Amino acid sequence: MKKVERINTLMRYINNRSHFTISEIMREFDISRSTAVRDIREIEALGMPLVAEVGRDGGYSVMHNSILPVVRFTDTEVKALFIAFMATRNAQLPYLKSRQSLAEKLLGLISKNQQDDLLLLDEILLFEGTNPHNPDLLELSDLPHPMLEKLIQNLLLDSYLWITVEEEKERNSYPVYLLHLYHEKSLWLMEVFDLQDEKKKLFAVDQLTHVETCSPKKRVSRKKILEMLSQHEEEFNLILELGPQAIAQYKKYHPLKAFISYTNPYQTTAMLKMVVQVNQVEELSDMIQWLLFLGEDMTFRKAPAEIMEGLQQRGGRMEQLRRE
């Protein structure tokens with residue numbers, strides 16, 4: 001456990017007890033006596049009023065059941081928080097409506113000079129996806145699907161869910177274990193393990209019409225789920241060697257499931273391995289377009305015939321457009 005994390009955990013531990021000893025701290029956090037003493041002194045320096053009790057059964061107690069000290073931010077930390085807010089205000093994030101009140105509370109915690117600095121940053125910094133004439137303007141496409149927050153609220157209680165999704169004008173329900181929730185191509189996607197069909201599936205949150213925690217009768221342990229997934233892992237059907245220019249393009253944008261491993265210490269060459277579902281027209285088309293985006297600084301070691309045919313067709317069309 002890192003020191004900062006240990007100190008924060010120790011502060012919560014102390015604040016929830018009327019009395020504690022050095023030995024208890026040593027056992028609870030598996031640290032030496034000297035480390036425990038240093039941590040307690042550092043906590044006292046942060047403002048927590050501890051009273052030392054001498055004697056054989058002595059230890060420490062928190063004065064008057066005091067609460068944790070008020071959190072204070074440095075100038076750099078305030079700017080980091082504020083800029084992070086600015087950079088993500090149009091990114092279909094959940095709890096988007098709470099961001100304004102959070103920003104107001106943040107401004108209320110800092111000095112007038114710090115407030116002026118943040119207002120100046122707000123005027124001069126622009127980020128992708130924002131309206132340059134009114135960066136605070138939220139369009140409908142900036143807002144997440146209303147089911148996203150409900151899904152997250154259920155996930156915080158349990159990863160085993162009963163979901164109802166709309167598929168081709170029909171509503172189907174599934175008992176699932178949610179593996180990942182991620183945002184790609186302006187859509188929130190749920191990667192789930194279908195507990196009934198015992199296979200991985202992918203749904204857009206936009207398809208979701210109902211979600212609730214799943215009945216215990218429908219459950220399979222997470223360990224068992226991962227074992228079943230590993231048994232049905234598909235072999236990579238796309239393997240590429242990337243040069244420096246293709247790596248630079250990859251860093252600008254890449255699909256979530258496309259990952260690279262560098263093949264030299266200077267990170268100028270890399271291998272890309274992934275599975276492409278060539279029977280899904282949209283995924284195949286997106287992958288061909290992305291490979292064209294990577295450019296010519298790559299070598300194909302393995303690729304489905306559908307990918308190569310699509311690249312040849314797209315390449316021929318682009319060449320024809322250049323001639324025209």
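What you see is a predicted model; the values in this text were computed from it and never measured.
- A distance of 7.5 Å separates OG1 of Thr213 from CG of Leu161, quoted to the nearest 0.5 Å.
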Can you give the donor-acceptor pairs under 3.5 Å from side chains of residues 273-284 to other protein atoms, not counting sequence neighbours?
{"unit_1": "Gln277", "atom_1": "NE2", "unit_2": "Glu234", "atom_2": "OE2", "d": "2.9"}
{"unit_1": "Glu283", "atom_1": "OE2", "unit_2": "Lys257", "atom_2": "NZ", "d": "2.6"}
{"unit_1": "Glu283", "atom_1": "OE2", "unit_2": "Gln277", "atom_2": "N", "d": "3.1"}

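- Smallest separation of non-hydrogen atoms from Pro94 and Pro144: CA-CG, 4.2 Å.
- For Trp162, the ring pair (Phe, Tyr, Trp, His ring centres under 6.0 Å) test picks out no residue, with sequence neighbours left out.
- Looking at Leu242 and Asp297, their side chains never come closer than 4.5 Å, going by heavy atoms from C-beta outward.
- We find that Lys224 and Glu198 are not joined by a salt bridge, their nearest charged nitrogen and carboxylate oxygen being 4.0 Å or further apart.
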Legend entry - Criterion ring pair (Phe, Tyr, Trp, His ring centres under 6.0 Å) on Tyr177 and Phe193, from CA distance to verdict: CA-CA 5 Å; Tyr177 179 86; Phe193 180 80; 8.0 Å; no

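- Across Met147 and Leu208, no two heavy atoms sit closer than the pair CG-O, 3.4 Å.
- Panel note: side chain Lys302, backbone Phe236; a donor-acceptor pair is recorded below 3.5 Å.
- Once rounded to the nearest 0.5 Å, the distance linking CG of Leu294 with NZ of Lys252 reads 10.5 Å.
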Legend entry - salt bridge (charged side-chain N to carboxylate O under 4.0 Å, His left out) between Arg219 and Asp158, intermediate numbers included: CA-CA 11 Å; Arg219 301 188 177 207; Asp158 203 336; 2.3 Å; yes

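- Here the side chains of Phe127 and Ile83 are in contact, with some heavy-atom distance below 4.5 Å.
- Looking at Thr21 and Arg27, their side chains never bring a donor and an acceptor atom within 3.5 Å of each other.
- Residues passing the side chain to side chain donor-acceptor pair (under 3.5 Å) test with Arg301 are Glu241, sequence neighbours excluded.
- The closest donor-acceptor contact from the side chain of Asn264 to the backbone of Thr268 lies under 3.5 Å.
- Side-chain contact between Tyr13 and Glu24: present, with at least one pair of heavy atoms (C-beta onward) separated by less than 4.5 Å.
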Inset, instruction - Determine, step by step, whether Ser221 and Glu227 satisfy the side chain to side chain contact (heavy atoms under 4.5 Å, CB included) criterion, reporting the C-alpha distance in whole Å, the side-chain angles of both residues, the deciding distance to 0.1 Å, and the verdict. - result: CA-CA 10 Å; Ser221 70; Glu227 286 176 358; over 6 Å; no

Inset, instruction - Carefully, step by step, assess Gln289 and Phe293 under the rule side chain to side chain contact (heavy atoms under 4.5 Å, CB included). - result: CA-CA 6 Å; Gln289 191 64 38; Phe293 167 76; over 6 Å; no

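- For the pair Leu181 and Leu148, the minimum side-chain heavy-atom distance is below 4.5 Å.
- Here Leu256 sits in one hydrophobic cluster together with Tyr182, Leu187, Leu189, Leu202; the rule is ILVMFWY side chains under 4.5 Å apart, joined directly or through other members.
- Criterion: ILVMFWY side-chain heavy atoms under 4.5 Å apart, direct or through other members. Under it, Leu229 and Phe259 are not part of a common hydrophobic cluster.
- Residues Leu238 and Ile247 fall within the same hydrophobic cluster, defined by Ile, Leu, Val, Met, Phe, Trp and Tyr side chains chained together at heavy-atom separations under 4.5 Å.
- For Tyr174, the side chain to side chain donor-acceptor pair (under 3.5 Å) test picks out Glu167, with sequence neighbours left out.
- In the hydrophobic cluster analysis, where Ile, Leu, Val, Met, Phe, Trp and Tyr join through side-chain heavy atoms closer than 4.5 angstrom, Tyr262 is grouped together with Met271.
- To the nearest 0.5 angstrom, Asp30 atom CG is 13.0 Å from Ile25 atom CD1.
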Inset, instruction - Decide salt bridge (charged side-chain N to carboxylate O under 4.0 Å, His left out) for Lys201 and Asp194; before the verdict, give the C-alpha distance in whole Å, the side-chain angles of both, and the deciding distance to 0.1 Å. - result: CA-CA 7 Å; Lys201 292 182 179 178; Asp194 187 329; 2.7 Å; yes

Legend entry - Verdict with supporting geometry, Lys200 and Val192, side chain to side chain contact (heavy atoms under 4.5 Å, CB included): CA-CA 6 Å; Lys200 189 189 295 186; Val192 303; over 6 Å; no

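- Annotation: the span from Glu191 atom CD to Leu179 atom CG amounts to 5.5 Å, rounded to 0.5 Å.
- Residues Met298 and Ala246 approach most closely at CB-CB, 4.5 Å, considering heavy atoms.
- A side-chain N or O of Thr164 and one of Ser173 form a donor-acceptor pair less than 3.5 Å apart.
- For the residue pair Ser32 / Ser34, a side-chain donor-acceptor distance below 3.5 Å is found, with atom types taken as modelled.
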Inset, instruction - Show your working on side chain to side chain contact (heavy atoms under 4.5 Å, CB included) between Met228 and Val220 and close with a plain yes or no. - result: CA-CA 11 Å; Met228 287 190 283; Val220 179; 4.0 Å; yes

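- Remark: Asp39 pairs with Arg6 by the side chain to side chain donor-acceptor pair (under 3.5 Å) rule, at least two apart or across chains.
- For the residue pair Glu212/Asn154, the side-chain donor-acceptor check at 3.5 Å is not satisfied.
- Side-chain contact check for Asp122 versus Leu125: every heavy-atom pair is 4.5 Å or farther apart.
- Hydrophobic clustering places Met308 together with Met287 (ILVMFWY residues linked when any side-chain heavy atoms are closer than 4.5 Å, directly or through intermediates).
- Cluster membership for Trp188 and Val165, using ILVMFWY side-chain heavy atoms within less than 4.5 angstrom, is shared.
- Counting only heavy atoms from C-beta outward, the side chains of Ile163 and Leu178 never approach each other to under 4.5 Å.
- For the atom pair CD of Glu42 and CG of Leu10, the computed distance is 10.0 Å after rounding to the nearest 0.5 Å.
- Between the CD1 atom in Ile40 and the CE atom in Met11 there is a gap of 12.5 Å [rounded to 0.5 Å].
- Contact annotation: the side chain of Trp290 approaches that of Tyr250 to within less than 4.5 Å [non-hydrogen atoms, C-beta and beyond].
- The neighbour count for Lys199 NZ, taken as heavy atoms of other residues, nucleotides or ligands under 6.0 Å away, does not exceed 12.
- Considering only heavy atoms from C-beta on, Lys150 comes within 4.5 Å of Val211 through its side chain.
- Counting heavy atoms of neighbouring residues, nucleotides and ligands inside a 6.0 Å radius, atom OH of Tyr253 exceeds 12 of them.
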